[in-house]
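These numbers come from the heavy atoms of this one structure, side chains and all, not from hydrogens, waters or symmetry mates.
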Amino acid sequence: PNEPLLYNISGVCYKAIGQLDAAVKSFKKALAIKPDYIEVNYNLGVTFKELGQLEDAVKSFEKALVIKPDYIEVNYNLGLTFQELAQLDDAVKSYEKAVALKPDYAEAHANLGNALKELGQLDAAVKSYEKAVALKPDYVDAHYNLGNALKELGQIDVAVKSYEKAVTLKPDFAEAHNNLGNAYKELGQLDAAVESY
């Protein structure tokens, strides 16, 4: 009964079978025994995030970062949580920390791009998306979001290439076909637009 590792494992098992409330109880028991248990704070944060308890998730992630500031996954998930809370500046800081710690983290670059785009920082967003697709060339959502940012910047020709890459990788990506059609339409290529629609 006094082994925090077992409560952590039990929490992970409950989480795996979708019993999130039971998982939270197990993680809390582990932390009652060992408050500085980094992995448990992380696991609890992820579980709170899945439950939609975002403020609690932030607290758990921040506790983990007090103990280990260079925990890459915590920084990344904290960024996701801040983004869900519409705290975009904090999300950007968390993603930037994650990519500073792991420069080849394509998902962190892509989500950094999403946060920057929401902040209206389109040039910076484009750079993040470009980094994501350079690291992971088959990253469909990053190609699509790159296309959206480029289109907003008025770089329609380049946006077309991003949308085309997205639909090549995922032929049933309806939104990408639609946005590709819109881009073709803006370029006056109506037959291509019709085909995309």
Side-chain angles (χ1 to χ4, degrees), residues 15-16 42 45-46 49-50 52 54 57-58 61 70-197:
K15 186 176 175 301
Y42 170 68
V46 171
K49 186 176 177 304
E50 283 185 37
L54 302 179
V58 167
F61 291 140
D70 61 348
Y71 197 140
I72 297 163
E73 287 302 320
V74 174
N75 282 289
Y76 175 69
N77 278 283
L78 183 57
L80 292 173
T81 309
F82 278 137
Q83 198 162 357
E84 276 191 58
L85 287 165
Q87 296 175 16
L88 298 176
D89 290 323
D90 290 327
V92 166
K93 287 176 193 161
S94 294
Y95 292 137
E96 285 175 339
K97 180 80 189 235
V99 298
L101 293 165
K102 185 179 176 186
D104 63 346
Y105 198 163
E107 291 79 5
H109 283 288
N111 280 298
L112 173 58
N114 292 340
L116 290 166
K117 184 174 178 290
E118 283 186 64
L119 285 166
Q121 298 175 25
L122 295 176
D123 290 319
V126 165
K127 286 180 184 155
S128 290
Y129 294 135
E130 287 173 340
K131 184 74 176 171
V133 297
L135 290 165
K136 191 174 174 184
D138 62 347
Y139 198 160
V140 177
D141 289 336
H143 283 288
Y144 173 70
N145 289 324
L146 174 58
N148 289 338
L150 289 166
K151 188 170 180 296
E152 277 190 51
L153 284 167
Q155 298 176 25
I156 309 301
D157 289 334
V158 193
V160 163
K161 289 178 184 155
S162 293
Y163 292 137
E164 286 174 341
K165 184 71 175 173
V167 297
T168 299
L169 291 166
K170 186 179 176 188
D172 63 346
F173 195 167
E175 294 87 351
H177 282 289
N178 182 63
N179 287 4
L180 177 58
N182 291 340
Y184 279 137
K185 186 177 160 200
E186 281 191 45
L187 292 170
Q189 299 177 23
L190 300 182
D191 289 337
V194 166
E195 193 177 320
S196 287
Y197 295 139

Heavy-atom donor-acceptor pair, His143 side chain to Lys161 backbone, under 3.5 Å: no
Any donor-acceptor pair under 3.5 Å from Tyr144 side chain to Val167 backbone: no
So which heavy atom on [X] is nearest to which on [Y], and how close?
X	Y	answer
Gly147	Ala159	O-CB, 3.4 Å
Gly45	Phe61	C-CZ, 3.4 Å
Gly113	Ala125	O-CB, 3.4 Å
Ala115	Val92	CB-CG2, 3.8 Å
Pro137	Leu169	O-CD1, 3.7 Å
Ala108	Val99	CB-CG1, 3.5 Å

At what distance, to the nearest 0.5 angstrom, does [atom1] of [X] lie from [atom2] of [Y]?
X	Y	atom1	atom2	result
Asn111	Leu80	CG	CG	5.0 Å
His109	Glu96	NE2	CD	10.5 Å
Asp157	Leu150	CG	CG	10.5 Å
Lys93	Gln87	NZ	CD	10.5 Å

Check against side-chain contact (heavy atoms from CB on, under 4.5 Å), Lys15 and Val46: CA-CA 10 Å; Lys15 186 176 175 301; Val46 171; 3.6 Å; yes
Derivation of the side-chain contact (heavy atoms from CB on, under 4.5 Å) call for Tyr163 and Asn178: CA-CA 9 Å; Tyr163 292 137; Asn178 182 63; over 6 Å; no
Criterion side-chain contact (heavy atoms from CB on, under 4.5 Å) on Lys136 and Glu107, from CA distance to verdict: CA-CA 9 Å; Lys136 191 174 174 184; Glu107 291 79 5; 2.9 Å; yes
Short side-chain donor-acceptor distance under 3.5 Å, Tyr184 and Glu195: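 No donor-acceptor contact under 3.5 Å links the two side chains.
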Donor on one side chain, acceptor on other, Asn77 and Tyr42, under 3.5 Å: yes
Side chains of Glu73 and Tyr105 in contact at under 4.5 Å (non-hydrogen atoms): yes
Side-chain touch Asn182/Lys151, heavy atoms, less than 4.5 angstrom: yes
Heavy-atom neighbours of Asp191 CG exceed 12 at 6.0 Å: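 Not buried by this count: 12 neighbours or fewer within 6.0 Å.
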Crowding at NZ, Lys185 (>12 non-hydrogen neighbours, <6.0 Å): no
